[in-house]
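What follows is one structure encoded as C-alpha cells, with my remarks underneath.
Proteins get letters first, then strands, A, B, ... in listed order; numbering begins at 1 in each. Computed from a prediction, not measured in an experiment: that's the story for all the values here.
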There are 2 protein chains.
Amino acid sequence: MSKGQATKASILHEALQVASTVGFEALSIGQLAERTEMSKSGLFAHFRSKEQLQLQALDHAAAWFTDAVVRPTLKASRGEPRVRELFERWLVWETEVFPGGCVFIAGSNEYDDQPGLMHDSVVNHQRDWAEFITTVAGTAVSEGHFRPDLDTGQFTFLLQGLMLGYHHAARLLRDPRAVDRTRSAFEQLLASSR
Amino acid sequence: MSKGQATKASILHEALQVASTVGFEALSIGQLAERTEMSKSGLFAHFRSKEQLQLQALDHAAAWFTDAVVRPTLKASRGEPRVRELFERWLVWETEVFPGGCVFIAGSNEYDDQPGLMHDSVVNHQRDWAEFITTVAGTAVSEGHFRPDLDTGQFTFLLQGLMLGYHHAARLLRDPRAVDRTRSAFEQLLASSR
DNA sequence: AGCAGAATAGTACGACCGTTCGTTTCTGTC
DNA sequence: GACAGAAACGAACGGTCGTACTATTCTGCT
C-alpha cells in the first residue's frame with residue numbers, strides 16, 4: 001500500500017469515529033484535518049469534495065462490516081447456528097466498534113429523507129444487508145431448523161427492528177438491561193421461527 | 001394569544017418541518033428566517049440562542065405528541081383496547097405528521113452520544129414515553145387482558161423496536177409492505193402477551 | 001390619540017465552512 | 001543521487017453560520 005493510500009485509510013478511519021457521534025453531515029474538513037494532524041488542503045486533496053469523503057467513509061465502513069460480521073457469519077455452519085452467529089456478530093458491531101454507535105444507523109437516519117448520492121448509497125448498503133439476513137434465514141429453513149412456511153422477509157424485518165430497539169435503549173437511554181432484553185427477544189424470535 | 005406568541009408558534013412549527021428532514025443540528029436561523037419570511041434578527045430575538053430554539057422546538061413537538069397520541073390513548077377503554085389505540089395513534093404519528101418522519105427518532109439519533117441540554121431533553125421525553133407505554137401495558141395486565149406475569153418493560157422494549165423498524169423500512173427503504181409487517185408483528189406481540 | 005413596550009428589521013462582527021491554486025516537500029525508481 | 005510524480009502545505013476566496021448591537025415599526029391599553 002502506497003503512502004497516499006495509507007493516509008487515506010487513516011483519514012477514513014478517523015472520519016468514521018467522528019461520524020458515528022456527530023453524523024456524516026456534521027463532518028467537517030477542518031476538524032478532521034486537525035484530528036489527523038494534516039492541513040485542510042492536504043486532506044482535501046484526497047477526496048476533492050466533501051461528498052466524496054462521506055461516500056468513501058461509508059464504503060470504508062461497509063468493507064469493515066463485511067470483515068467483522070458477514071464473513072464470520074458465512075463461516076458458521078448452515079442453518080440456525082449461522083443465524084446465531086449473525087446475531088452475535090451484529091450485536092458486537094453495534095456495541096463495540098464505534099464510539100458513537102453504528103454508523104449505518106446514523107446514516108440511515110440522516111439521509112432517509114434527503115436525496116443525493118449519500119442517500120442512495122445508504123439505501124443500497126441497507127438493502128444488501130437485509131437481503132443477506134433473509135438469505136441466512138432461508139438456509140435455516142432449508143436445513144429444517146426453521147419451519148418451511150416461515151416468512152423470511154418478516155423475520156428480517158423483526159430482527160432489524162430488534163437491533164434498532166437495542167441501539168435506542170443502549171445508546172440513548174443507557175439502559176443496562178438492553179443486552180439482556182435483546183437476547184431474550186432474539187431467543188423468542190428463534191423459537192417462533194422453528 | 002399575543003402576536004409574539006403566535007409568531008413564535010409558527011416559527012416552531014416550521015422548525016419542526018425542517019428538523020424532521022435535516023435534523024435539529026442542521027437547523028439554521030437564516031434558513032428558518034427565509035421560510036417564515038422574517039429577518040434573521042427578528043426571528044432570533046424570540047429565542048436568544050440556537051440551543052433555545054432547538055429545545056423549544058422539541059417541547060413543541062412533545063406537546064403536539066401529547067395531543068395527537070397520549071390524550072386519545074387515555075380516552076380509549078382500559079386494557080387491550082387502550083394498547084391498540086396507542087399503537088394506531090403512534091403509527092399515524094410516525095407516518096403522517098412530519099414530512100421527514102418522527103422528530104423524536106431524529107433527535108434520538110442525533111443526540112444519543114452528544115452531551116448537552118438537547119441530549120438531556122431528548123432522553124427525558126423518551127423516558128416519559130417509555131414509562132407511559134409500560135403503564136398502559138400494565139393496565140392491560142390488571143384488566144386481565146394480558147397475562148399477570150408479563151414483563152411490561154420487555155413489552156415496551158419490543159414495541160419501541162417494532163416502531164423503529166417500521167420507521168426504518170418505511171422511510172429509508174420505502175418498503176410498501178412496512179405497514180403490514182408492523183401490524184402483523186404487533187398482533188403477534190399482543191398474542192404472546194395474553 | 002398618544003404613549004410604552006413588544007415585535008421586527010438592519011447592519012455588522014468574528015469564526016468556520018468547502019474549495020481553489022500555487023508552492024514546497026517527500027517517495028519511489030532508475 | 002538525480003529526477004518525476006505523488007503527497008502535503010499555506011494562503012486566500014466567497015459564503016454562511018450564530019450572535020450582538022441599534023433603530024424602526026407595530027400593538028394594545030388608557
- For Arg78(B), what residues pass the side-chain hydrogen bond (donor to acceptor under 3.5 Å, both in side chains) criterion, not counting sequence neighbours? Glu143(B)

- Task: Considering just the side-chain nitrogens and oxygens of Thr7(B), establish if one lies under 4.0 Å of OP1 or OP2 belonging to dA7(C).
- Result: no

- Query: Is any NZ, NE, NH1 or NH2 atom of the basic residue among Lys50(A) and Glu25(A) found under 4.0 Å from an Asp or Glu carboxylate oxygen of the other?
  - Reply: no

- Can you name the salt bridge (charged side-chain N to carboxylate O under 4.0 Å, His left out) partners of Glu88(A), sequence neighbours left out? Arg183(A)

- Task: Return the value, rounded to whole Å, for the distance between atom CD1 of Ile11(B) and atom P of dA7(C).
- Result: 11 Å

- Item | Contacts of Arg174(B) that satisfy salt bridge (charged side-chain N to carboxylate O under 4.0 Å, His left out) - sequence neighbours left out | Asp113(A)

- Residues in ring pair (Phe, Tyr, Trp, His ring centres under 6.0 Å) with Phe186(A), at least two apart? Phe87(A)

- Item | d(CD, Gln5(A); P, dT27(C)) in whole Å | 15 Å

- Query: Do any of residues 24-55 of chain A sit with a heavy atom less than 4.0 Å from DNA chain D, and if so which?
  - Reply: Met38(A), Ser39(A), Ser41(A), Gly42(A), His46(A)

- Message: In whole Å, I'd like the distance from the NZ atom of Lys3(A) to the C1' atom of dA8(D).
- Response: 8 Å

- Any salt bridge (Lys or Arg N to Asp or Glu O under 4.0 Å) pairs touching residues 146-169 of chain B, not counting sequence neighbours? Arg181(A)-Asp151(B), Arg147(B)-Asp149(B)

